[in-house]
2 protein chains.
Amino acid sequence: MISNKAKYALRALLAIAAQPEGEALTSTEIARRHAIPHKFLEQILLDLKKSGILESRRGKAGGYVMLRPADTISFGEVLRIFDGPLAPLPCLSRNAYRRCEDCENEARCMIRREFARSYEASRQVLDSRTIGDALNEGQELPLAAQNRRVG
Amino acid sequence: MISNKAKYALRALLAIAAQPEGEALTSTEIARRHAIPHKFLEQILLDLKKSGILESRRGKAGGYVMLRPADTISFGEVLRIFDGPLAPLPCLSRNAYRRCEDCENEARCMIRREFARSYEASRQVLDSRTIGDALNEGQELPLAAQNRRVG
DNA sequence: GCCATTCCCTACAAATCCGATAGGCTTTAT
DNA sequence: ATAAAGCCTATCGGATTTGTAGGGAATGGC
């Protein structure tokens, strides 16, 4: 399970990236729209800023804007910021490798070998799919499916 | 990251399944071989027994034996016992579904849609690969690779 | 210059989970 | 009877999660 923090971060990013070019979105507005505790969200947005994903403007008419284009920000990158390494075992993380202290022979470890398969499969998805991708696909079936039910 | 508990459980299962047919393995022996805290391992083996994966014999010459064949026990099943649902979001778990309270429209949730992809990819692997599979492949290249280095 | 608005930063706290440790009870083979 | 093994429950320190709280700093409008 991913953390609330990561989920909130993704929600916020999707909202900010969906804004018209150059228009800022405030933390208050994001919190209101998505029912996220405001002060908690502030911390999250700050982390995203420190990671070089968002830019902020202070004062009245301030808010947050994308610093990098949405289609360069993968789900994996965001997850790593808030939930740490994606790898199921420390010895499988390229970014944050750590040997399993009790493992005698890494190359022959059967557990490592099996998890490497599953990790590779999910990493492939998480590191290739971006905020931009999600946003584009979200618009493909806009309200049609909904309205058809009502009508 | 998977928990130590799950990792220990998998180690133990691989060891027990590797025993000659019908021969029991004691918790003490498993703990010694794999450097697992003994009393902690006992709890884990107990859980595996309650889950119907292991069978136990008490008293002198006791120990643990597989109850179900090793090739019917997937990595996913073991993970679920110790670490809970594999799904990255509660709303994606078939087994332990829970609605995200703050999600307005599940079918149109972009986060859910993206994680469904990655989840499907890893679930595919974890639920299909079994303890038996791992054991068979582990024997394919036994000591050859190792000895060749030395020689 | 003042004020409201907004982001920035740090501290703290309750709850839960993780990774054991501990102690004793029950069953079984010899 | 005894030793060896599994069975069961309680406890515990530390880390992590999920916030809450309070205020400081910048900015724009008046």
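Keep in mind it's a predicted model, so treat the numbers as computed, not measured. Chain identifiers are assigned alphabetically (A, B, ...) following the order of the sequence lines, protein sequences preceding nucleic acid strands; residue numbering begins at 1 within each chain.
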_Distance, rounded to the nearest Å, where A/Asp102 contributes CG and C/dG19 contributes C1'_ = 13 Å
*May I have the distance from B/Leu25 (atom CG) to D/dA4 (atom P), rounded to whole angstrom?*
18 Å
*Any side-chain heavy atom of A/Val125 within less than 4.5 Å of one from B/Phe115?*
no
Which atoms of nucleotides 26-30 of chain D (N or O only) lie under 3.5 Å from a protein N or O atom, and what are those distances?
unit_1, atom_1, unit_2, atom_2, d
D/dA26, O4', A/Arg58, NE, 3.4
D/dA26, O4', A/Arg58, NH2, 3.0

_Can you list everything that forms a salt bridge (Lys or Arg N to Asp or Glu O under 4.0 Å) with A/Arg33? Sequence neighbours excluded, please._
A/Glu29
*Quick one: salt bridge (Lys or Arg N to Asp or Glu O under 4.0 Å) pairs with a partner in residues 7-18 of chain B, sequence neighbours left out?*
A/Asp102-B/Arg11
*Given atom CD1 of A/Ile44 and atom C1' of C/dC8, what is their separation to the nearest angstrom?*
15 Å
*Starting at CE of A/Met1 and ending at C1' of C/dC17, how long is that distance when rounded to a whole Å?*
15 Å
*Side-chain N or O of B/Ser27 closer than 4.0 Å to phosphate OP1/OP2 of D/dG6*: yes
*In whole angstrom, what separates B/Ile81's CD1 from C/dC18's P?*
15 Å
*Any side-chain N or O of B/Lys49 less than 4.0 Å from the OP1 or OP2 oxygen of D/dC7?*
yes
*According to the side-chain hydrogen bond (donor to acceptor under 3.5 Å, both in side chains) rule, which pairs have a member within residues 13-23 of chain A, sequence neighbours left out?*
none
*Is there any ring pair (Phe, Tyr, Trp, His ring centres under 6.0 Å) pair reaching into residues 13-47 of chain B, and which pairs are they, with sequence neighbours excluded?*
B/Tyr8-B/Phe40
*Pairing residues for A/Arg99 by the side chain to side chain contact (heavy atoms under 4.5 Å, CB included) criterion, not counting sequence neighbours*: A/Tyr97, A/Glu106
_Separation of C/dT6 C1' from A/Arg32 CZ (nearest whole Å)_ = 16 Å
*asked:* Counting primed atoms plus P, OP1 and OP2 as sugar-phosphate and everything else as base, spell out the protein contacts along nucleotides 9-20 of chain D at 4.0 Å heavy-atom distance: B, S or - for each nucleotide, 5' to 3'.
replied: -B-------SBB
*Below 4.5 Å, heavy atoms only, C-beta onward: do B/Leu25 and B/Tyr64 meet side chain to side chain?*
no
*Ignoring backbone atoms, establish whether A/Thr28 has a side-chain N or O less than 4.0 Å from OP1 or OP2 of C/dT5.*
no
May I have the list of side-chain donor-acceptor pairs in residues 48-62 of chain B shorter than 3.5 Å, sequence neighbours left out?
unit_1, atom_1, unit_2, atom_2, d
B/Lys49, NZ, B/Ser56, OG, 3.4
B/Ser51, OG, B/Asp47, O, 2.8

*Can you list every pair that meets side-chain hydrogen bond (donor to acceptor under 3.5 Å, both in side chains) and has a residue in residues 121-131 of chain A, with sequence neighbours left out?*
A/Arg80-A/Asp127, A/Glu120-A/Arg123, A/Arg123-A/Asp127, A/Arg129-A/Glu137, A/Arg129-B/Glu114, A/Thr130-A/Asp133
*asked:* I need the CG-P distance between A/Leu54 and C/dT6, as an integer number of Å.
replied: 17 Å
*Could you give the CD-to-C1' distance, from B/Glu29 to D/dA4, as a whole number of Å?*
14 Å
